[in-house]
Structure formats: structure tokens, C-alpha cells
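The following block contains the structure, expressed as C-alpha cells.
Here the structure is a predicted model, which is why all the values come from computation and not from measurement.
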Amino acid sequence: MSRFKVSKFRHTEARPSRRQAWISDIRAGTTPSCGNHIKSSCHLIAFNSDRPGVLGIVPLEGQGEDKRQVTYLGCHSGTADRTVKLWRLPAPGQALPSMPGLVLGPEPVQVEVLQFHPAADGVLASAAGMAVKVWDVAKQQALTELVAHGDLVQGAVWSRDGALVGTMCKDKQLRIFDPRAKPGASQSTEAHENSKDGRLAWTVTQEHLVSTGFNQMREREVKLWDTRHFSSALTSLSLDTSPGSLLPLLDPDSGLLILAGKGESQLYCYEVAPQQLALSPVTQCLLESVIRGVTLVPRRALAVMGCEVLRVLQLSDTAIVPVSYHVPRKAVEFHEDLFPDTAGCVPASDSHAWWAGSNQQVQKVSLHPAHQPYPSFTSCLVPPAEPSPGAAPSAAALPAETPVGDADPSEGFSSPLSSLTSPSTPSSLGPSLSSTSGIGTSPSQRSLQSLLGPSSKFRHAQGTVLHRDSHITNLKGLNLTTPGESDGFCANQLRVAVPLLSSGGQVAVLELQKPGRLPDTALPTLQNGAAVTDLAWDPFDPYRLAVGGEDARIRLWRVPPEGLQKVLTTPESVLTGHTEKIYSLRFHPLAADVLASSSYDLTIRIWDLQARAERLRLQGHRDQIFSLAWSPDGRHLATVCKDGYLRVYEPRGGREPLQEGPGPEGARGARVVWVCDGHCLLVSGFDSRSERQLLLYPTEALAGGPLAVLGLDVAPSTLLPSYDPDTSLVLLTGKGDTRVFLYELLPEAPFFLECNSFTSPDPHKGFILLPKTECDVREVEFARCLRLRQTSLEPVAFRLPRVRKEFFQDDVFPDTAVSWEPVLSASAWLGGANGQPRLISLQPAGMTPVSQAPREAPARRVPPSALYLEEKSDQQKKEELLNAMVAKLGNREDPLPQDSFEGVDEDEWVSR
């Protein structure tokens, strides 16, 4: 090829489809994995739903004007099986299977990547942890395991002829394997200087491949490699410093490369030209929504007569958006230069022949419409499932967390009876089947639902920002850089304490009972003399505020009952003892005048505030203490640490931890809270890929690891959990987030029941839960929170829609603990005494519990018999229609409106 030859794709246009062509009303998930979260065959699309373990299945093309219906396939059960399952999908309109056709594994860790062999039926490559296996699917056993990876394998792809496997690893190495020759790598080189997510794609030849990753300056880059000269890349292209990993989609027939960044809203298109040693830019496409995943539609499904050379499917949070790439041509005909023959869907060999050395290639087919339909193939690996008696036309969902890996259902399984492969994750979760998930409730689905476990009664919860009259506005000079271990502000039923950015560690105290616009003048503050690291209100004394500072001191302030009227510079008392700055402050839940504090000196100290002295000291941490929490009975203290361990202490029993267990893998931050009546610990943190996750631990056996792990999303801030023990609901959000997650927690499977989340239009700087007594019980308000914005503070009410709101919803509001009255004194607790809080009912006077309300007989609405007896003839209908039209036109004898207008007298005319 001449280096000066003009590309035929230089005028390629990207055309995002109109909203009418979107596959909307879906809820996509962001399961942590190295996959693309969406795959397409010539007939079906599979994508990760927001339900753990559930894939959404939808036809690629719609039937006429009918809306494409999404059905849901539960791929993995509630156990942490870590398997690969193969499913045969029926024709549209038939029920999805309830059992997989084949199961491979289990693997010791999460399966990250899957890809079928491009030429041989029944050969599958999978990557899990540091191992890459090549499977003989028919025999359900591994043919070989590719070794020598030093870290997590982020990508594994077959060459187009199926002879080689290329892998990208977190150890920065790009490796080439010949699986039939030896398990070790035949070639390797350093692909990218940064260990962040890398991806790989082969070109049409065996000699060239493309990799994406990050350089040492954290810039995203794309490299073109030649396996014959593997020491350095042929060419390299740097894009930007965006944190989202680049997903490469390479069409080998056209040489067009689509680059999509996760979490972004832009697609880049390049032409890969190995002969010219170039990656030539073609076009860019701006999208309306953020990318959660992308995939290419097989070329056999393109509109070739419209010169559609590529079609990308973008997975967003709520829709699948097709984006077509067209080459403008004047003539409406088949252009052979744009559409060369492409690989068909009939495999060239089976696993036995390929492993024996066969290199036969898939026969190519012409894309000319006159040569359709293409030869079809149905693999015998997964037999067709027998329909169960009484099965509904559409399928229901099954639980577990299932990332869509890099398995391509179009490769070898492209007939209407397609096969789908899904890897599992180390999760023991089940979904809550709610109407918000898009999962129906047909009789067959209800029977499945009874097998899958309960759904949350809070699944329809609605979060609402209360009226502006209840907001506190015109906040100025907020300190938005408090440490990650702090919530950023604190509140009780009377007041809010907010750190300010001004020097001297100033804290403003605002009255919740006096909402409105704050004056433009400076507010009276508490002058701490050092930067504030954390602060907390005394639960038993609403006028006492504890403030931790960078000077390793804890200051106790007393706010006057009428509110802060002037600047206070002298605290009520100062606690000294820590040698480094304070991390966190936590008051005891039952005993008065007992405070726990953690510090950079890696100790936890428990203070007697009455005596203003340190009483207990806990040790055993080897790194930064991210969070600490008292158990509900006040006997134990849990901590999560940067050294990767979760610990439980019995402070009155000894300085060393009572139990230790593995915490979150990531070291960016974590929080811990006691849940399920103190039987479990909930930890929010990050995994090794910096994706946010929830871990649920049994308090009696931390060493055994978590009961369940739930991956949420990718964001830089730590999730701050606010737990309501009455409803067992946890609200989770991070500083700078716009979404608040709600989950009901259970001590047994399915552990997490998802509820409706709350989304705000702008990011919040803090989000805390107020005492239960602040809820409006008559409006079925089960939680009230405060949301801190850049310049305002606004209350958010979480309510449950109920029909009979005139009754007290005693199933939503059990007796609650009197958290504002101490059960013990500090001396009694330090002496070994324990206690239980007093419980009170939230039932307002004059309201009857809904459990005692009389049952209403369902009113049967029967249409009147006249609707059936008085059947009008066609002549009667025609007369009625004509009469209605005449009535609209009016009578011709009626005067016109202008006839009633008064004219102008002759003498009023003025001549000029």
C-alpha cells in the first residue's frame, strides 16, 4: 500500500440513533470486572443488569413498531460458585431456561474474561486471577493453563486465526502464548508503564495487535505492536489523562478501531494501518449519556445497503444506544470495497481437531444482500432446553452477580438459538425482585420468586427533598476538605455543627428549628485553634460537642440552650493523650460520658468525660485506622484499618483485638458499622481495582472472610454508611456523589435487598441520618437525613408509598430505642456493667395500627349491562358522527361575529 493512498473511511460519519431506536427502560449494572458489560450477536443483546447475577436479554432488531421487551436470565445462584456457565437461549417469545447447559469450574477467584475460539467449536479461553485456561467445553475440562502471569490478568484474546492467545496483565506485561505448544509465554514485553486497566485486540493478521493502557504520567495511550519485532511498539498514541479505562473495539475487516472510555460520553474512531505504522484518526462522537459498556454488532447484521460499516452499542445506566458509522456514497448499491467477505458462523473444526493441530479457518461469506440468508449453525455442546409445563412466554431473573465477560455469542453461536456464556463472581447475593427492576410478576415468575427468597418491603422507597422553607441557605466558607475518616459535619435533633474553612479550626453551629437564609455577616463560631479532623454530638447531652483536631487534642464544647450567639474561644474541657492528630470520635451508644477516639499514633483511647481522663487504650493496628464503631450493646468496638484487616475489640477485656479478619483489598478508605442486631458487620471500601464495594461479615467468625460481597460502582470517594436498626436499612453515599444507595440487610442469603435509590441534581458534600424521632410517621417517613451542599443544608425525607396512610404502619415502625437517655454511667460501664436501652412506640395518639385495621372488601367493578345490550348499528354511528360535525360548524343563519362590531361614525374620520 502506498503511504500516500487516501483512506476510503476518511469521510466516515458517526450517527447516534434517535431516542425512538434506543432500548430504554433498563437498569444497567456496574459489576466490577474486566469485561465490557454488554455483548451482541446477530440476533440478541446481553448486558449486565443492576441485579446481582442477572443478565438482561433483548433482541437486536425490533419487530415493526412493537417495543423490544427485555427479559432477564439469572445466571448464577446465591453461592460463591465462581464458575463459568453456558446457556442456550431460545427463540424470541419463548421462556428462558432455568438451568445452564454446562458448568465449568469452579475457579479459586473471580472469572474476569471469556472468549470463544474464532474457528473451533467448543474451545473457550477464560481468565481468573493470574491464571488463563483453555477449555474443552464438551469434556468440561481444561486443555491447558497458561502460566507466568505475575498479577491479575486484565485481558485475554485469541488471534483471528485462533493459533495464539494474547494477554494483558496488571504486572504491565503483554504476553503472547501458543497454547498447543507450551503453557509458557512465547513472547513478552512491557506494554504500558502504568499498571492501571489495560486491554488488547488483534488485527486481521496474526502479526499485529493493539493495546490500550496508561503511561507513567497517567495519560491514556494506544499502542500498535508487531509480534515479529516485539521489543517496542510500532507506533504509540497518547489521548488524555481521564481515569476511565479505554475499551478497544477493533473490526478486523475494515481496520476501524473504536475507543470508549468507561464513565465518559465520547467515542473515538481510528483506522489501524500496520503497513503505514499509523493509527489514523477518523472521527469522534459525543454521546448523551455516560458509557457503562460498549460492544460491536457483528458485520453480518449491518445495513450494508446504507453503507453502515460499523455499529456500536453503548450501554448507559438506563438505555442501550446504537451508534452507526456510515461512509457517505452517492449510489445506493452494494459497495464491495467497503464490505469484503467476512467470517461466517459455521466453525471450521471442533476442539479435538484443533488441539491435535488443525488450523482450518472459518469459511467466509459475502455480505451482499442477494447471498442471504447465511449458513446457520447450532452447536451440540448445549442441548436445547425442554420447555417446562405452564412456563410463561417471558423469563424471570435468577440471583447472583454476573459480569458479562469478553465472551462473544456471535462467534460460533449466531443462529436464533444462541448460546451464552457467563462468568461468575465471588458473591453470595440475591436480588430483590421489585417492579423497579423491570422484572415482571407472571405466575411462573412468582414461583421463581418464591424460590429466590424475599424482596424488600422498602423497595419502592422514595427520597424527597423537603420544601425550601425548611432549608438553611447562604452558607459561606464551608470546609470541604475534611479528612475522609470524617462525615464532614454532624447533627442531632436540635443543631448542626459545620466546620468552616477559615483558620483556627472554626465550627459553626446552626439551629435546625430556625431555617432560612443566614445573614451575610460572619457567623458566631467555636474557635478550636487547630484544623478540625472530626466532630460528634453527645447523644445524651444535646448541648455538648466533641471536636478532634490536628493538634492531637479533643475539645469538648458546651453550646448554650438558646444557640450560639457569640464566638467561643474556651472549651468546657480539653482531652490530651494522643501524640498524633485525631482520626475519628465515637460516643458510646448506652453509657454516658464515654468517648472513643482514634489517632495517627495507631491507638484507640477510651475516655471518661466526667473525670476528663483516659481509661482504656487499644492497640494492634499497623497502619491508618479508617473507621471505628461501637456495637449496639456497647460491649465491643470494631475497626477497619489500612493494613487490610477488620478487627473487633472487647475494650474492657484487653488491649489486643478479640478477632481479626481480612478487610477490603483497596487501601483508599473504608467504613464499618454494626448491622443486623449486632450479628454482622458491614464494611464499605474498595477492591483491588479501586471499585466501591460492600462486605458483610459475621461478627462471630471474622477470620472466615465476608459472607457476601456486593460491587457497586467506580467513584473516588468512600461510601459513608448510615444504618437504621429499626428497619435494617443502610443508606450509602460518598462525598461528591449525587446518588444515595438504599439496601435492606439480612443476616442470611440473599443478604442484600436493593431498594430505590435517591438521586440529587448536584453533588452533596455530606449526608447524615437524623434520629428516628424526627420522622413524620403519619406520612410513612421511615428516615430523615440532612444533605450538605456547597451553600445550603436541606432535609431529605425517605417515605414509603402506602394506600391506607390513615393507619399507623406498625410493620414499618417497630418500637425504637430511646437513644437520648443513657442506660449506664461511665463508671458503671467501666466497672463491667451492661444494659439494654428502653424502647418506645412511635405510634401517634389517635392512630390505629394497620395490623388491627378492618379489612376492606374489594370493590368489584362490573360494567353496566347497557354496554353489552345497546350495540349501535353502523348507520347510527354515522348519523352521530355527522351530527357532531354539524354542531361544530354551527348554523349558517347565525350572524357572524363581525356583524356585531360597532363601526366608526362619519364625523370621526379625519381627512389629511
Nearest atoms (heavy-atom pairs only) where R647 meets C641: NH1-CB, 3.5 Å

Heavy-atom pair of closest approach, residues L60 and A301: CD2-CB, 3.9 Å

Qualifying salt bridge (Lys or Arg N to Asp or Glu O under 4.0 Å) pairs with a residue from residues 145-158, counting only residues at least two apart or across chains: none

Separation between CG of L86 and CG of L104, rounded to the nearest 0.5 Å: 6.0 Å

S41 side-chain N/O to H43 backbone N/O, donor-acceptor pair under 3.5 Å: yes

pair V672-T639: side-chain heavy atoms closer than 4.5 Å: no

Distance-only side-chain donor-acceptor flag, D121 / S379, under 3.5 Å: yes

Q141 CD: over 12 foreign heavy atoms closer than 6.0 Å: yes

Salt bridge flag under 4.0 Å for residues R82 and E107: no

Donor-acceptor contact present, side-chain Q115 to main-chain A125, <3.5 Å: no

Distance-only polar pair, side chains of S159 and D161, donor-acceptor under 3.5 Å: yes

Min side-chain heavy-atom separation V222-L246 under 4.5 Å: yes

Residues S186 and D178: side-chain donor-acceptor under 3.5 angstrom: no

Any donor-acceptor N/O pair, Q187 side chain to T227 backbone, under 3.5 Å: yes

Pair H37-K262, side-chain hydrogen bond (donor to acceptor under 3.5 Å, both in side chains): steps then yes or no: CA-CA 10 Å; H37 299 301; K262 280 189 178 181; 3.3 Å; yes

Beyond-backbone contact of Y270 with L224, side-chain heavy atoms, under 4.5 angstrom: no

Min side-chain heavy-atom separation F214-S238 under 4.5 Å: no

Least distance between heavy atoms, A348 atom then Q360 atom: O-OE1, 3.1 Å

Salt bridge E264-R292, side-chain N to carboxylate O under 4.0 Å: no

Side-chain donor-acceptor pair present, R180, N359, cut-off under 3.5 Å: yes

Intermediate values then yes/no, side-chain contact (heavy atoms from CB on, under 4.5 Å), H192 and E221: CA-CA 8 Å; H192 302 275; E221 60 181 2; 2.8 Å; yes

K172 (side chain) donor-acceptor with E193 (main chain) under 3.5 angstrom: yes

Audit row: T342, D253, side-chain hydrogen bond (donor to acceptor under 3.5 Å, both in side chains) steps and yes/no: CA-CA 7 Å; T342 190; D253 294 338; 2.6 Å; yes

Distance flag, aromatic centroids of W225 and H208, threshold under 6.0 Å: no

Candidate pair V123 and F116, rule side-chain contact (heavy atoms from CB on, under 4.5 Å), full reasoning: CA-CA 6 Å; V123 179; F116 280 108; over 6 Å; no

Main-chain N/O of R299 paired to R311 side chain as donor or acceptor, under 3.5 Å: no

Chi angles and distances behind the side-chain contact (heavy atoms from CB on, under 4.5 Å) call for L296, V312: CA-CA 5 Å; L296 282 179; V312 177; 3.7 Å; yes

Within-4.5 Å side-chain heavy-atom neighbours: I258 and Y268: no

Heavy-atom pair with the smallest gap, counting every atom of A120 and D350: CB-O, 3.9 Å

Gap separating the NZ atom of K196 from the OG atom of S690, nearest 0.5 angstrom: 7.5 Å

Centroid separation W135 to W355 less than 6.0 Å: no

Any donor-acceptor N/O pair, Y697 side chain to P662 backbone, under 3.5 Å: yes

Spacing of CZ belonging to R175 relative to CZ belonging to F230, to within rounding of 0.5 Å: 10.5 Å

Approximate separation, where rounding is to 0.5 Å, of L719 CG and R692 CZ: 4.0 Å

Any donor-acceptor N/O pair, R668 side chain to P716 backbone, under 3.5 Å: yes

Verdict with supporting geometry, L259 and L267, side-chain contact (heavy atoms from CB on, under 4.5 Å): CA-CA 6 Å; L259 298 175; L267 295 176; over 6 Å; no

Nearest-0.5 Å distance, OG of residue S40 to CG of residue L313: 5.0 Å

Any side-chain heavy-atom pair of V54 and L73 under 4.5 Å: no

Rounded distance [0.5 Å steps], CG in N36 versus CZ in F47: 15.0 Å

Exercise: identify the closest heavy-atom pair between L247 and R199: CD2-NE, 3.7 Å

Exam field: side chain D643 to backbone Y645, donor-acceptor pair closer than 3.5 Å: yes

Which atom of G166 lies closest to which atom of I176, heavy atoms considered: CA-CD1, 4.1 Å

Polar side-chain atom of D171 near backbone of G150 as donor-acceptor pair, under 3.5 Å: yes

Within the 6.0 Å centroid threshold, strictly below: H149 and F177: yes

Sub-4.5 Å side-chain heavy-atom contact between L55 and Y72: no

Any donor-acceptor N or O pair under 3.5 Å, side chains E691, Q693: no

Non-hydrogen side-chain atoms of T718 and F686 separated by less than 4.5 Å: yes

Under 3.5 Å: donor-acceptor pair, side chain of R300, backbone of A343: yes

